[in-house]
Protein chains: 2
Amino acid sequence: MTDNEVVSTWRELSARHAAIVSDLERELHERHGLGVSEFEVLDRLVDGLCLSSDGKFRVQELAAGVPLSQSALSRLIARLEKAGLVLRSMCADDRRGVFVTLTDAGRIRHSEALPTQRRVLRDHLAATSAG
Amino acid sequence: MTDNEVVSTWRELSARHAAIVSDLERELHERHGLGVSEFEVLDRLVDGLCLSSDGKFRVQELAAGVPLSQSALSRLIARLEKAGLVLRSMCADDRRGVFVTLTDAGRIRHSEALPTQRRVLRDHLAATSAG
DNA sequence: ATGCATTCAATGCACAAGCATTTAATGCGT
DNA sequence: ACGCATTAAATGCTTGTGCATTGAATGCAT
């Protein structure tokens with residue numbers, strides 16, 4: 001792969017990402033009052049519900065799935081809690097840790113927003129193979 | 001393409017983008033004092049030099065190549081000017097417009113940063129076909 | 001020529017992000 | 001048991017971003 005190919009691959013990737021994020025941000029915000037990262041976190045929590053017994057997640061577990069710094073994630077969770085979409089609770093076995101759990105409102109909000117996200121992603125990605 | 005495929009394509013795209021941007025940001029900042037967007041703008045200016053007679057660009061022309069809002073771009077150019085990497089000059093035929101031109105320092109900085117950018121991109125993209 | 005919508009770029013403002021620091025809890029070595 | 005490095009998460013601070021607005025210049029219709 002030549003440098004020019006690498007660069008044009010990068011530009012394409014970058015432009016695509018920007019376009020999708022921009023659309024997602026607008027749609028999710030307008031229709032559901034959520035930012036892209038907020039939705040992603042809710043999404044991880046919902047995904048994880050199937051796997052985890054109690055639906056509790058350490059903040060750091062969520063960090064793995066979302067490309068945000070630890071501080072950004074901490075504040076994001078604070079925002080979600082303030083909005084009533086998640087709860088933070090102490091965790092018994094390591095009292096430094098914080099468990100994050102979805103509230104009913106959070107589950108509902110996520111299920112409302114999910115079709116919107118899917119639609120936007122489909123619009124951008126459905127008929128393409130990354131080229 | 002199923003919804004699940006769409007979503008996993010999106011996650012992959014997103015993770016890839018985040019990883020590359022993160023590396024680029026760190027390397028460009030540490031080694032050359034440039035952010036990713038700053039570099040992109042310099043890059044467009046350099047690219048355009050070959051095509052344009054005088055190397056002058058309207059702000060809005062740059063906007064097309066960089067996924068930033070108009071206001072963000074305006075401030076970014078102000079930063080570049082403050083750093084001595086570009087010049088802003090009035091444009092005669094439409095006095096609302098602003099021409100942006102590379103300074104020598106800007107050209108030099110770009111040429112220093114270019115290999116760093118290429119290296120990072122190669123590290124991430126060289127042996128892949130987008131998925 | 002005058003008025004009015006439009007366009008270019010800059011700016012006020014609010015908010016989100018990262019870095020560095022802080023606070024609290026753990027665990028390891030002695 | 002005590003001290004010390006380490007880890008989890010929150011917070012202060014600075015910076016960058018977008019939205020909405022502003023100010024200036026343009027162009028078009030009358």
Participant: Please list, chain by chain and in numerical order, all residues satisfying side-chain hydrogen bond (donor to acceptor under 3.5 Å, both in side chains) with Ser74(A), sequence neighbours excluded.
Facilitator: none
Participant: Show the atom names and distances, to 0.1 Å, of all donor-acceptor pairs under 3.5 Å that link a side chain in residues 76-86 of chain A to residues at least two apart or in another chain.
Facilitator:
unit_1	atom_1	unit_2	atom_2	d
Arg79(A)	NH1	Glu38(A)	OE2	2.6
Glu81(A)	OE1	Arg88(A)	NE	3.0
Glu81(A)	OE1	Arg88(A)	NH2	3.0
Glu81(A)	OE2	Arg88(A)	N	3.1

Participant: Sequence neighbours left out, what passes salt bridge (Lys or Arg N to Asp or Glu O under 4.0 Å) with Arg122(B)? Give chain and number order.
Facilitator: Asp3(A)
Participant: Which ones in residues 33-44 of chain B lie close to DNA chain D, meaning a heavy atom under 4.0 Å from one of its atoms?
Facilitator: Ser37(B)
Participant: Counting the atoms with a prime plus P, OP1 and OP2 as sugar-phosphate, which does Gln70(B) contact under 4.0 Å by heavy atoms, base, sugar-phosphate, or nothing?
Facilitator: base
Participant: Less than 4.0 Å between a side-chain N and a carboxylate O, is that true for Arg11(B) and Asp47(A)?
Facilitator: yes
Participant: State, yes or no, whether a side-chain contact exists between Glu27(A) and Gln117(A) at a heavy-atom distance under 4.5 Å.
Facilitator: no
Participant: Taking the side chain as everything from C-beta on, heavy atoms only, tell me whether Asp93(A) gets closer than 4.5 Å to Cys91(A).
Facilitator: yes
Participant: By nearest heavy atom, map Asp94(A) and Arg58(B) onto DNA chain C; which one lands nearer the 5' end?
Facilitator: Arg58(B)
Participant: Which two nucleotides bound the region of DNA chain C that has atoms under 4.0 Å from heavy atoms of chain B, read 5' to 3'?
Facilitator: dT7(C) to dC13(C)
Participant: Would you classify Gln60(A) as touching base, sugar-phosphate or nothing, given that sugar-phosphate means primed atoms plus P, OP1 and OP2, and contacts are heavy atoms under 4.0 Å?
Facilitator: sugar-phosphate
Participant: Polar atoms only, N or O, under 3.5 Å: list the protein pairs with nucleotides 1-5 of chain D and their distances.
Facilitator:
none

Participant: Which residue pairs pass the ring pair (Phe, Tyr, Trp, His ring centres under 6.0 Å) test when at least one of the two sits in residues 83-115 of chain A, sequence neighbours left out?
Facilitator: Phe39(A)-His110(A)
Participant: Mind checking whether Leu114(B) and Ile20(B) sit in one hydrophobic cluster, side chains of I, L, V, M, F, W, Y counted as touching below 4.5 Å?
Facilitator: yes
Participant: What are the residues of residues 73-93 of chain A, sorted by number, that bring a heavy atom to within less than 4.0 Å of DNA chain D?
Facilitator: Ser74(A), Arg75(A), Arg88(A)
Participant: Side chains of Leu125(B) and Arg16(B), heavy atoms from C-beta outward: is any pair under 4.5 Å?
Facilitator: yes
Participant: Excluding sequence neighbours, so at least two apart, what forms salt bridge (Lys or Arg N to Asp or Glu O under 4.0 Å) with Glu40(B)?
Facilitator: Arg44(B)
Participant: Are His17(B) and Trp10(A) an aromatic pair, judged by ring center distance below 6.0 Å?
Facilitator: yes
Participant: Taking only residues two or more places apart in sequence or in another chain, which ones pass side-chain hydrogen bond (donor to acceptor under 3.5 Å, both in side chains) with Arg26(B)?
Facilitator: Asp23(B)
Participant: To the nearest 10°, let me know how far the axis at one end of the helix from dA1(C)-dT30(D) to dT30(C)-dA1(D) is tilted from the axis at the other, five pairs an end.
Facilitator: 10°
Participant: Using the salt bridge (charged side-chain N to carboxylate O under 4.0 Å, His left out) rule, take Glu112(B) and Arg31(B) through it: C-alpha gap first, then chi angles, then the decisive distance, then the call.
Facilitator: CA-CA 9 Å; Glu112(B) 290 168 346; Arg31(B) 307 164 86 98; over 6 Å; no
Participant: Under a single-linkage definition using a 4.5 Å side-chain heavy-atom cutoff for Ile, Leu, Val, Met, Phe, Trp and Tyr, are Ile108(A) and Val41(A) assigned to the same hydrophobic cluster?
Facilitator: no
Participant: Is there a donor N/O on one and an acceptor N/O on the other, under 3.5 Å, for the side chain of Arg96(A) and the base of dT7(D)?
Facilitator: yes
Participant: For Glu25(B) and dT15(D), what is the distance between atoms CD and P respectively, to the nearest whole Å?
Facilitator: 15 Å
Participant: Can you list the residues that meet the salt bridge (Lys or Arg N to Asp or Glu O under 4.0 Å) rule with Asp104(A), with sequence neighbours excluded?
Facilitator: Arg107(A)
